[in-house]
Undergrad: 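One structure, pasted below without further comment.
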Number of protein chains: 2
Amino acid sequence: MVTLAQVARHAGVSPSTVSYVLSGKRSISEATRRRVEHSIAELGYHPHAGARALASNRSNVIALMIPLRTDMFVPVMMEIAISITTTARRYAHDVLLLTSEEGPSAVKRVAGSGLADAIILMDVELDDERIPLLRQTGAAAALIGLPADPSGLSCVDLDFEATGAVAADHLADLGHREVALIGAAETVYRRHTGFAERTLAGFGRRAAERGLSFLHRPCGGSHEATAGTLSRILEERPGTTGFVVQNEAALPHLLSLLRQVGRAVPEDASVVAICPDDVALHASPQLTSVSIPAEEMGRRAVELVMAQASGEDTTGLTLLAPTLTVRESTGPAPHAG
Amino acid sequence: MVTLAQVARHAGVSPSTVSYVLSGKRSISEATRRRVEHSIAELGYHPHAGARALASNRSNVIALMIPLRTDMFVPVMMEIAISITTTARRYAHDVLLLTSEEGPSAVKRVAGSGLADAIILMDVELDDERIPLLRQTGAAAALIGLPADPSGLSCVDLDFEATGAVAADHLADLGHREVALIGAAETVYRRHTGFAERTLAGFGRRAAERGLSFLHRPCGGSHEATAGTLSRILEERPGTTGFVVQNEAALPHLLSLLRQVGRAVPEDASVVAICPDDVALHASPQLTSVSIPAEEMGRRAVELVMAQASGEDTTGLTLLAPTLTVRESTGPAPHAG
DNA sequence: CTGAAAGCGCTAACAG
DNA sequence: CTGTTAGCGCTTTCAG
């Protein structure tokens with residue numbers, strides 16, 4: 001193992017000088033810096049992470065807690081995790097992966113052992129067990145998702161109200177007058193509160209502003225549930241031509257059901273999905289959708305904890321603006337027959 | 001921060017005694033141990049990871065390098081990563097997540113900085129850039145997947161030869177006489193060598209042993225490519241009733257194409273997929289498949305590096321036995337018309 | 001069975 | 001602009 005002391009000897013300077021060349025915490029003459037950097041390269045020196053953490057009281061590690069239960073769409077989780085890792089590297093940090101299998105106590109372990117300087121929680125639940133521990137340890141932290149009580153916490157999430165509004169706008173712009181929001185399953189409403197309700201609120205308000213008449217129906221993920229939901233909507237409002245769907249599982253069923261009942265997409269009915277781009281692209285027809293900005297969520301979370309490290313107060317919600325991508329599943333409203 | 005010294009004072013023993021209670025490296029009287037453990041609990045002590053790493057020269061961390069390019073099926077990658085993390089915890093280790101974005105030099109950085117005691121590489125390529133560095137640093141390591149030259153390395157992978165054989169056996173048992181292997185795309189054959197060829201070898205040998213006549217065709221993932229492949233197979237061998245498919249992307253297309261040409265699955269044609277269970281379960285009909293044993297791959301990889309840590313030589317291939325799950329896509333061969 | 005004490009490699013005052 | 005040095009908290013000889 002090459003040590004800093006060896007580098008110092010090789011370069012003919014003191015250990016502290018090498019340390020300062022590395023950290024940039026004081027000015028070094030050009031000549032000295034070059035000599036040191038040369039020695040570092042020649043010896044293949046890498047600072048010992050543990051020693052550094054011990055002396056500086058900072059580990060340069062961010063802990064990332066992912067849920068075991070994998071009901072968030074897995075590729076999205078993965079994309080967030082990758083985004084967090086690559087962003088962390090830009091701040092010279094590494095990422096420690098924790099699963100919730102260890103339980104909420106992992107928060108205490110990581111905070112208490114100096115393993116990580118900050119914690120990012122993914123897939124935060126309404127009433128997340130980890131949050132009290134987080135508050136108690138006072139660790140730097142960012143949450144992806146919104147808990148019931150986000151006071152004093154730094155949270156990142158998609159702006160679901162704006163998402164609902166954007167979807168309503170798109171359908172209104174295309175001339176649709178009667179629209180329906182096919183929502184998440186009941187179970188999702190219970191656990192993950194907030195996101196479904198927020199979408200509905202934004203959708204409802206904008207639909208009203210644009211003079212649309214609209215319906216909202218929660219929906220299970222199975223074929224049967226989707227069929228039931230759709231037929232009830234069409235019975236109640238046969239003139240419905242625009243659908244907003246916030247339910248990945250129901251999406252393929254809905255598409256085949258619409259075809260089955262003779263409503264071609266997008267000629268007779270338009271569908272706006274709220275889902276990851278993957279899903280939208282793999283459906284047929286490809287879906288006009290508001291995507292989940294996974295990359296940005298991960299990046300923002302890292303930026304939040306890094307800002308905290310430099311003393312900033314980042315408390316509050318970071319709500320990301322939705323972007324709607326027009327694909328093949330939406331088109332002008334059919335002329336009233 | 002609670003330190004070991006504070007625990008020692010609180011318990012009325014020396015620091016070394018506390019250390020030995022923690023490590024179990026020498027015998028401690030029952031009374032002392034109890035006092036120390038009580039103090040630890042009461043003070044909420046957690047050993048400082050960096051200090052421990054510095055003093056012991058072991059970080060208790062395993063580095064996991066995942067590919068950025070995400071052509072392995074993402075949920076499988078995720079499942080492996082989770083399996084690695086939970087298994088690591090059983091050995092009191094944590095997992096550091098590295099993406100290949102940093103490049104192969106991440107191997108050097110991690111090995112050189114004492115950040116991790118061992119490295120697990122996922123989605124290893126035939127001629128992986130990281131492998132020379134791994135050999136050079138001599139770090140403890142395990143690979144998931146097989147490189148071209150695995151000599152001196154510890155590798156874990158599904159036994160694809162046995163996989164091919166199992167698939168052939170299943171079709172033979174059901175009375176099929178003419179079968180076809182629809183393989184991966186050409187590009188996959190190039191990069192990921194080994195796995196496709198190994199499947200083919202196993203399939204071909206067993207098919208021959210069982211007296212089946214068989215065909216092998218690589219296949220792109222698009223609808224068009226799949227259609228072309230299928231029609232050429234049926235032209236050349238109209239009597240083909242059994243298909244083995246090692247190509248996730250082609251799977252849905254193949255199923256709808258078979259329906260289209262009037263071959264009902266499983267009445268007229270049987271399909272065995274080689275794919276993650278997810279994919280098999282979401283197809284309709286649900287697919288008889290040989291699954292990718294993600295959980296076991298992750299677990300084995302951790303076990304390999306932990307064994308290396310205790311001085312064992314684990315060099316060699318760990319090939320996991322395939323398991324075939326019968327679902328709805330295979331059935332008895334139709335009687336010859 | 002238990003203590004005392006010497007570092008592990010680095011950072012950050014404190015000096016100059 | 002550079003050097004000296006006292007720890008950071010833990011492990012592990014060496015003594016007893």
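Please read these numbers as outputs of a predicted model, since none were measured by experiment. Reminder, nothing fancy here: chain letters follow the sequence lines and each chain counts from 1.
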Undergrad: What is the distance from CG of B:Leu54 to C1' of C:dC8, rounded to the nearest Å?
TA: 4 Å
Undergrad: What nucleotide, of C:dT2, D:dT11, C:dC10, holds the atom closest to the side chain of B:Thr32?
TA: C:dT2
Undergrad: Go through A:Tyr91 and A:Val305 one step at a time and tell me if the side-chain contact (heavy atoms from CB on, under 4.5 Å) criterion holds.
TA: CA-CA 11 Å; A:Tyr91 289 92; A:Val305 296; over 6 Å; no
Undergrad: Tell me: CG of A:Leu4 to P of D:dT2, nearest whole Å?
TA: 15 Å
Undergrad: Whether the side chain of B:Ser83 engages the backbone of B:Glu295 through a donor-acceptor N/O pair (distance < 3.5 Å, no angle test) should be reported.
TA: yes
Undergrad: Report the distance from atom CD of B:Gln6 to atom P of D:dC8, rounded to the nearest whole Å.
TA: 11 Å
Undergrad: What's the CZ-C1' distance between B:Arg52 and C:dG7, to the nearest Å?
TA: 18 Å
Undergrad: Would you mind reading off the distance between B:Asn57 atom CG and D:dC10 atom C1', rounded to a whole angstrom?
TA: 13 Å
Undergrad: Angle, rounded to 10°, between the helical axes spanning five pairs at each terminus of the helix from C:dC1-D:dG16 to C:dG16-D:dC1?
TA: 30°
Undergrad: Without swapping roles, check the side chain of A:Asp94 against the backbone of A:Val61 for a donor-acceptor pair under 3.5 Å.
TA: no
Undergrad: Strictly distance-based, threshold 3.5 Å: is any side-chain N or O of A:Ser154 a donor or acceptor partner for the main-chain N or O of A:Leu304?
TA: no
Undergrad: Verify, without hydrogens or angle tests, whether B:Gln6 (side chain) and B:Thr3 (backbone) share a donor-acceptor contact under 3.5 angstrom.
TA: yes
Undergrad: Walk me through whether A:Val110 and A:Thr137 qualify under side-chain contact (heavy atoms from CB on, under 4.5 Å).
TA: CA-CA 10 Å; A:Val110 165; A:Thr137 65; over 6 Å; no
Undergrad: Contacts to DNA chain D from residues 13-26 of chain B, heavy-atom cutoff under 4.0 Å, which residues?
TA: B:Ser16, B:Ser19, B:Tyr20, B:Lys25, B:Arg26
Undergrad: Looking at B:Lys108, is its backbone amide N or carbonyl O close enough to the side chain of B:Ser105 to form a donor-acceptor pair, meaning the two atoms are under 3.5 Å apart?
TA: no
Undergrad: Is it true that atom CD of A:Glu42 has more than 12 heavy atoms of other residues, nucleotides or ligands lying nearer than 6.0 Å?
TA: yes
